[in-house]
Amino acid sequence: MTVVRRMTVCVLILAAGGTAVALLAPAGWGSPAVIMVTDGHSARTYQEVVAAVADTPGWLSALAAHLPALGLLVLLLLLAWTGWTGWRQHTPRGVGALLVLAGTVLAYGLSEALKLVVDQGRPCRAFGELTIWEHCPPVGDLSFPSNHSTVAGALATGLVLLAPRLALVAVPTAVVVAAMRVVAGVHYPHDVLAGLLLGATITAALLVALAPRNRTDGGRYWV
């Protein structure tokens, strides 16, 4: 793949991912007031999910609320293992793992910036009468997109591209991380979907643009 083709593919990935994230953003984003989403499919799904788990025993909900953090730890450990084996075997996986880590940090920063632009309030404040697993974040802690989901999407996408066999673990783990943020009551479904897409877009674009060529397998850029 030539440099021009790399850059073209990178731009297409960024354009597609950016468009998808923008379409998921709530109507009215960019207005000076905090947006409170109470209508639409995502809001209804949030209410249904939270209501369905409202009677979960406290000890079980407390344990389940930690699943997103555990999932991110699993993804980070898989990335560390992938990078270590890459350096040891002198393959592009070593550099690729560093690029995935950089992409994850970049995606997280972008998610924080998007929160300030979109200015969407937490669903647990829009539907204050619902019982949720976690304490609702304080006023000013915005919702779109989900940071946990962004990090999970970035790490999982990097792992899939660097070591496709890990997709059977990485993809379901990222989905669980995202889904549990909705189940816990602190994000809408569109928040976590946007986060997954944002993380995946940044990591994929960075690997396409900068990952070194593997000289031993006919020109692939990751293994």
Side-chain angles (χ1 to χ4, degrees), residues 1-30 35 37 40-42 45 68 71-72 75-76 78-79 82 92-93 95-120 142-164 166-167 169-182 187-212 220-222:
M1 184 183 291
T2 65
V3 173
V4 173
R5 289 183 62 189
R6 275 190 176 205
M7 293 303 105
T8 300
V9 173
C10 180
V11 169
L12 290 174
I13 291 172
L14 291 173
T19 300
V21 171
L23 289 174
L24 287 167
W29 63 284
I35 300 171
V37 178
H41 180 70
S42 183
T45 300
L72 293 182
L75 293 173
L76 282 169
L78 288 175
L79 181 64
T82 301
R93 286 183 181 177
V95 175
L98 292 177
L99 290 173
V100 172
L101 187 60
T104 301
V105 173
L106 177 59
Y108 177 84
L110 288 174
S111 73
E112 282 292 300
L114 274 175
K115 285 179 184 289
L116 298 177
V117 173
V118 176
D119 211 16
Q120 175 193 279
L142 302 170
S143 183
F144 182 94
S146 162
N147 288 340
H148 282 78
S149 302
T150 299
V151 172
L155 292 173
T157 300
L159 287 167
V160 169
L161 294 176
L162 292 174
L166 292 179
V169 177
V171 173
T173 299
V175 171
V176 168
V177 169
M180 290 306 297
R181 299 302 285 165
V182 178
H187 278 291
Y188 295 99
H190 68 269
D191 295 341
V192 299
L193 181 56
L196 289 173
L197 287 171
L198 175 61
T201 296
I202 298 302
T203 296
L206 200 60
L207 284 175
V208 167
L210 300 177
R220 290 172 58 194
Y221 284 80
W222 41 77

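Computation of the quantities below employed the complete heavy-atom set of this structure, encompassing side-chain atoms and omitting hydrogens, waters and symmetry-equivalent molecules.
Counting only heavy atoms from C-beta outward, the side chains of Val151 and Asn147 never approach each other to under 4.5 Å. In this structure, Leu72 and Val177 have side chains that are in contact, with non-hydrogen atoms separated by less than 4.5 Å. Looking at Val21 and Leu114, their side chains come closer than 4.5 Å, going by heavy atoms from C-beta outward.
Taking CG from Leu101 and CG from Leu106, the interatomic distance works out to 11.5 Å, rounded to the nearest 0.5 Å. Taking CG from Leu161 and CG from Leu206, the interatomic distance works out to 11.0 Å, rounded to the nearest 0.5 Å. Remark: Ile202 CD1 to Leu14 CG distance equals 5.5 Å, nearest 0.5 Å. The OG1 atom of Thr82 lies 5.0 Å from the CG atom of Leu166; values are rounded to the nearest 0.5 Å. To the nearest 0.5 Å, atoms CG (Leu98) and CG (Leu210) are separated by 12.0 Å.
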Show me the side-chain donor-acceptor pairs of residues 189-197 shorter than 3.5 Å, one per line, residues at least two apart or across chains.
| residue | atom | partner | partner atom | Å |
| --- | --- | --- | --- | --- |
| His190 | ND1 | Ser42 | OG | 2.7 |
| His190 | NE2 | Gln120 | OE1 | 2.8 |
| Asp191 | OD1 | Gln120 | NE2 | 2.8 |
| Asp191 | OD2 | Gln120 | NE2 | 3.3 |
| Asp191 | OD2 | Ser143 | OG | 2.4 |
| Asp191 | OD2 | His187 | ND1 | 3.3 |
| Asp191 | OD2 | Tyr188 | N | 3.0 |

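For Ala209, the side-chain contact (heavy atoms from CB on, under 4.5 Å) test picks out Met7, Cys10, with sequence neighbours left out. In this view, Val11 satisfies the side-chain contact (heavy atoms from CB on, under 4.5 Å) rule with no residue, not counting sequence neighbours.
Shown here for Ala107 and Leu198, the closest heavy-atom pair between the two residues is O-CD2, 3.9 Å. Among all heavy-atom pairs drawn from Val118 and Ala25, the shortest one is CG2-CB, 4.5 Å. Closest non-hydrogen pair, Met180 versus Pro68, comes out as CB-CG, 3.7 Å. Between Thr201 and Ile13 the shortest heavy-atom distance is CG2-O, 3.5 Å. The shortest heavy-atom contact between Ala156 and Ala174 is CB-CB, 3.7 Å. Between Thr173 and Gly71 the shortest heavy-atom distance is CG2-O, 3.4 Å.
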Checklist entry - Which is it for Phe144 and Asp119 under the side-chain contact (heavy atoms from CB on, under 4.5 Å) test, yes or no, and what are the steps along the way? => result CA-CA 7 Å; Phe144 182 94; Asp119 211 16; over 6 Å; no
